[in-house]
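Before any comments, here is the structure.
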There are 2 protein chains.
Amino acid sequence: MARYQAGIRTETKILEATRELLAEGGLDAATLKAICDRAGVQAGSFYNIFPSKEQAIMQVARDAIQAVDPNPERSYTDTLDDLVDAYIRFVTDQSDLARIYLQVAVSGSADDSVARRFLRHHVRRVERFAAAMRRADRSLPDGEATTRAEVLLGALDGLAFRWVLDRSFDFAKHARIAAAHCG
Amino acid sequence: MARYQAGIRTETKILEATRELLAEGGLDAATLKAICDRAGVQAGSFYNIFPSKEQAIMQVARDAIQAVDPNPERSYTDTLDDLVDAYIRFVTDQSDLARIYLQVAVSGSADDSVARRFLRHHVRRVERFAAAMRRADRSLPDGEATTRAEVLLGALDGLAFRWVLDRSFDFAKHARIAAAHCG
DNA sequence: TCCAAAATGGAGTGTATACTCAAAAAGCCG
DNA sequence: CGGCTTTTTGAGTATACACTCCATTTTGGA
């Protein structure tokens, strides 16, 4: 545990390096040596702070998963547009985390605790989207709203995925069209 | 290259083993040892047939990417429903390949020739979907059809991705709803 | 049946990886 | 400063990996 300032600084540097490497080249690029080199730190220092490489990666992944959700405290007042805009901003402004968000989810099979975390988070997101839809249209049945939310979130994830493969793809435009069709 | 029957059988066994392992545990699980053990073959035999492990994996990935396209020869007569049904069948019937299809696309950063292949293939698929849309509605402008096709394919990929994480998800139902909204 | 080509077994190579450890250095507080 | 704790260093370990080599066996056509 970091209790001196030096330790806290080192932890930060390591997490930054890990995040950059994950964004640039995925899990394969985030080797211990690469992380330590970029953070300007030796292996021993790494293991003084993190019990394993995986723990550092998990922490970055956790941050990425949480960053996709805007203002969790006002979960029950936001509109569908708010949520979609937040997703667009997340993908375009925090593209590093967005990329990790998608990568971690797919390659999670090897380490299924990440996949489970991702899924739990997704379910909560679907509920939030569905609630926003029902607030806009009170006559919408509960099940219908959930189904629509699943479709919309699927579309957003799929389009983000498309954008990760080809940065010239206009993610925002397509995301808004998807929202218009499903909302 | 294999010219004796024995060699061809071995090649087949290796490709099957590779596909199974990729489907079960992703790229990480498809080690040379795992592939050879499952295929009942030694490393020397593997390298008598494939120049590298990557080549074997690439071949499986190529098959997966191609398998998502139904009847390429009648590319200009199919309806949107045909295409969506084919995708649904691909995901549910050939779940191994579907999973590889998605995995390869995301982790392609390490080996970007796969990612490029995936993207080229995606562009062709968008055109095919857009053409089907325009055949159904002649008044639909070209650009609009392409945009809608991108959104629909994004949704299908995103929903397939969702299904890979949680097999109890009703992919077919949500895929059809997405198609209805975008078509 | 014979033989060259093809396929196989399996030990062996080099390398990259995650991780450890004990000693040295630096940080904090009286 | 002085004494205690935390942090850093960097060489070192064990292991898993892709891949090689070649003697041996099998194959299939002449």
Side-chain angles (χ1 to χ4, degrees), chain A residues 1-22 24-61 103-104 107-114, chain B residues 1-22 24-61 103-104 107-114:
Chain A
M1 278 294 185
R3 275 157 55 182
Y4 285 6
Q5 285 302 314
I8 294 170
R9 273 197 305 272
T10 306
E11 182 175 353
T12 307
K13 281 192 294 182
I14 288 173
L15 287 174
E16 272 172 10
T18 305
R19 182 166 57 200
E20 287 173 17
L21 287 164
L22 283 177
E24 287 169 19
L27 282 169
D28 290 349
T31 65
L32 193 76
K33 185 175 176 351
I35 292 170
C36 291
D37 283 358
R38 184 166 302 206
V41 148
Q42 297 289 342
S45 297
F46 184 100
Y47 285 98
N48 185 47
I49 291 171
F50 295 98
S52 72
K53 191 190 83 163
E54 197 174 341
Q55 285 303 310
I57 288 179
M58 284 279 281
Q59 182 153 340
V60 172
Q103 255 166 0
V104 160
S107 54
S109 62
D111 168 9
D112 68 336
S113 81
V114 176
Chain B
M1 271 301 170
R3 278 164 47 191
Y4 286 4
Q5 285 302 314
I8 294 170
R9 272 198 304 274
T10 307
E11 184 175 352
T12 307
K13 280 192 294 182
I14 288 174
L15 287 174
E16 272 172 10
T18 305
R19 181 166 58 200
E20 287 173 16
L21 287 164
L22 283 176
E24 287 169 18
L27 281 169
D28 290 349
T31 65
L32 193 75
K33 185 175 175 351
I35 292 172
C36 290
D37 283 358
R38 185 166 302 205
V41 149
Q42 296 289 341
S45 299
F46 184 100
Y47 285 97
N48 185 47
I49 291 172
F50 295 98
S52 71
K53 190 191 86 166
E54 197 174 339
Q55 285 302 311
I57 287 179
M58 284 280 281
Q59 181 152 341
V60 172
Q103 256 166 1
V104 160
S107 55
S109 63
D111 167 9
D112 67 337
S113 81
V114 176

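Protein chains get the first letters and strands the later ones, always in sequence-line order, with residue 1 at the start of each. Quick caveat: nothing in here was measured; it's all calculated off a predicted structure.
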Donor-acceptor under 3.5 Å (B/T10 side chain, B/A6 main chain): yes
Polar side-chain atom of A/K53 near backbone of A/I35 as donor-acceptor pair, under 3.5 Å: no
Summary of protein contacts for nucleotides 10-20 of chain D, nucleotide by nucleotide, where a base hit scores B, a sugar-phosphate-only hit scores S (4.0 Å, heavy atoms): B------SSBB
Taking atom [atom2] of [N] as reference, at what distance in whole Å does atom [atom1] of [X] sit?
| X | N | atom1 | atom2 | answer |
| --- | --- | --- | --- | --- |
| B/N48 | D/dT24 | CG | C1' | 14 Å |
| A/Y4 | D/dT5 | OH | P | 9 Å |
| A/Q55 | C/dA18 | CD | P | 15 Å |
| A/I8 | C/dA26 | CD1 | C1' | 15 Å |
| A/I35 | C/dA18 | CD1 | P | 7 Å |
| A/D37 | D/dT9 | CG | C1' | 14 Å |
| A/I14 | D/dT8 | CD1 | C1' | 11 Å |
| A/E11 | D/dT6 | CD | P | 15 Å |

Are [X] and [Y] side-chain neighbours, meaning at least one heavy-atom pair lies under 4.5 Å?
| X | Y | value |
| --- | --- | --- |
| A/E11 | A/Q59 | yes |
| B/Q5 | B/R9 | yes |
| A/F50 | A/T18 | no |

Gap between atom CD1 of B/I14 and atom CD1 of B/I49 - 0.5 Å precision: 4.5 Å
Which residues share a side chain to side chain donor-acceptor pair (under 3.5 Å) with B/R38, sequence neighbours left out: B/E20, B/E24
A/I49 side chain, from C-beta outward: closest of D/dG28, D/dT8, C/dT8: D/dT8
Any A/T10 side-chain nitrogen or oxygen under 4.0 Å from OP1 or OP2 of D/dT7: no
Comparing B/Q5 and A/Q5 on DNA chain C - which has the more 5′ nearest nucleotide: B/Q5
